[in-house]
Amino acid sequence: MEHRSHAESALGGAAYGMLFVLGVVMGVVGGFTHPVGQAGPVPVAAVCWVLALFGVCLGAGRLMRTRLGVVAPALGWLLVTMPFTLQLGSGDLVIAQGAAGYVYLYGGLVALVAAFLMSPSSHRGGSWLLHGYVPKDS
């Protein structure tokens with residue numbers, strides 16, 4: 001088992017906190033700007049936000065060398081995005097029905113799951129999805 005100093009633990013906690021804040025910011029900005037760009041029937045802005053979310057989450061997981069690096073921005077994004085799907089009493093809705101809303105919401109969820117599965121797990125030293133299943137010696 002690896003022992004970490006208090007400074008290393010505090011730095012790691014601060015890094016995870018900033019990744020959470022990054023996820024919140026991406027959720028707020030993406031929630032309001034995903035329907036802006038359309039190229040015919042394709043919601044380009046929503047696709048770009050999904051790709052950005054996947055890249056940020058996968059990059060965070062690889063840089064932190066653990067799946068918790070993926071979970072921090074994903075949790076921030078989810079905590080902002082899910083309430084945006086609820087209709088308010090006055091009828092206002094941030095993520096509306098339609099191609100852009102569906103691509104942003106469901107594509108974002110798929111991106112989070114894919115980034116989680118492709119990130120390295122801390123106890124195995126790598127991703128089972130990228131390196132294959134290694135059976136335990138019996």
Side-chain angles (χ1 to χ4, degrees):
M1 182 177 211
E2 177 183 322
H3 294 288
R4 295 170 58 171
S5 69
H6 292 294
E8 289 174 332
S9 296
L11 185 61
Y16 287 119
M18 290 307 295
L19 287 172
F20 176 80
V21 170
L22 178 61
V24 168
V25 170
M26 288 184 73
V28 169
V29 176
F32 286 106
T33 62
H34 74 275
V36 174
Q38 293 272 103
V42 179
V44 177
V47 171
C48 289
W49 276 110
V50 168
L51 293 175
L53 181 65
F54 174 74
V56 164
C57 288
L58 183 63
R62 297 220 178 209
L63 288 174
M64 299 299 284
R65 295 189 180 118
T66 181
R67 288 188 174 157
L68 187 58
V70 176
V71 171
L75 188 61
W77 184 83
L78 283 169
L79 287 176
V80 170
T81 301
M82 290 302 126
F84 280 175
T85 63
L86 302 174
Q87 189 170 3
L88 299 176
S90 61
D92 293 337
L93 189 63
V94 177
I95 300 177
Q97 295 176 351
Y102 291 138
V103 167
Y104 180 72
L105 182 63
Y106 297 119
L109 293 173
V110 169
L112 296 179
V113 170
F116 182 81
L117 292 175
M118 293 177 73
S119 67
S121 59
S122 58
H123 66 280
R124 291 188 205 170
S127 170
W128 64 268
L129 185 63
L130 297 179
H131 300 293
Y133 177 74
V134 179
K136 296 180 182 179
D137 294 332
S138 32

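These values consider heavy atoms only, across backbone and side chains, with no hydrogens, waters or symmetry-generated copies.
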Engineer: Please name the pair of heavy atoms, one in Pro73 and one in Ala60, separated by the smallest distance, quoted to 0.1 Å.
Structural biologist: CG-CB, 4.3 Å
Engineer: Which heavy atom in His34 sits nearest to a heavy atom in Ala45, and how many Å separate them?
Structural biologist: O-CB, 3.4 Å
Engineer: Which residues pass the side-chain contact (heavy atoms from CB on, under 4.5 Å) test with Leu51, sequence neighbours left out?
Structural biologist: Val47
Engineer: Is there a path from Val21 to Phe32 through hydrophobic residues (I, L, V, M, F, W, Y) whose side chains come within less than 4.5 Å of each other?
Structural biologist: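 Val21 and Phe32: one cluster.
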Engineer: I'd like to know whether CE of Met18 has more than 12 heavy-atom contacts from other residues, nucleotides or ligands below 6.0 angstrom.
Structural biologist: no
Engineer: Do Leu75 and Leu22 belong together in a cluster built from hydrophobic side chains that touch within less than 4.5 Å?
Structural biologist: yes
Engineer: To which residues is Val42 joined in a hydrophobic cluster, defined by side-chain heavy-atom contacts under 4.5 Å among Ile, Leu, Val, Met, Phe, Trp and Tyr, whether direct or through other members?
Structural biologist: Val44
Engineer: Under 4.5 Å between side-chain heavy atoms, counting indirect links through other Ile/Leu/Val/Met/Phe/Trp/Tyr residues: same cluster for Leu79 and Met26 or not?
Structural biologist: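 Cluster IDs for Leu79 and Met26 match.
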Engineer: If you take all heavy atoms of Arg62 and Met118, which pair is closest and at what distance?
Structural biologist: NH2-O, 3.4 Å
Engineer: Look up atom CG in Leu93 and atom OG1 in Thr85, then write down how far apart they are to the nearest 0.5 Å.
Structural biologist: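 So the gap between those two atoms works out to 7.5 Å.
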Engineer: With a cut-off of 3.5 Å and sequence neighbours excluded, list every side-chain donor-acceptor pair involving residues 96-113.
Structural biologist:
unit_1 : atom_1 : unit_2 : atom_2 : d
Tyr104 : OH     : Gly31  : N      : 3.3
Tyr104 : OH     : Trp77  : NE1    : 3.0

Engineer: Same cluster or not: Val80 versus Val29, using hydrophobic residues (I, L, V, M, F, W, Y) connected whenever any side-chain heavy atoms lie under 4.5 Å apart?
Structural biologist: yes
Engineer: Of all the heavy-atom pairs spanning Ala72 and Tyr16, show the shortest one and how long it is.
Structural biologist: CB-O, 3.7 Å
Engineer: Do Val50 and Phe84 share a hydrophobic cluster (ILVMFWY, side-chain heavy atoms under 4.5 Å, transitive)?
Structural biologist: no
Engineer: Could you report the tightest heavy-atom contact between Ser119 and Arg67, atom names first, then the distance?
Structural biologist: OG-CG, 3.1 Å
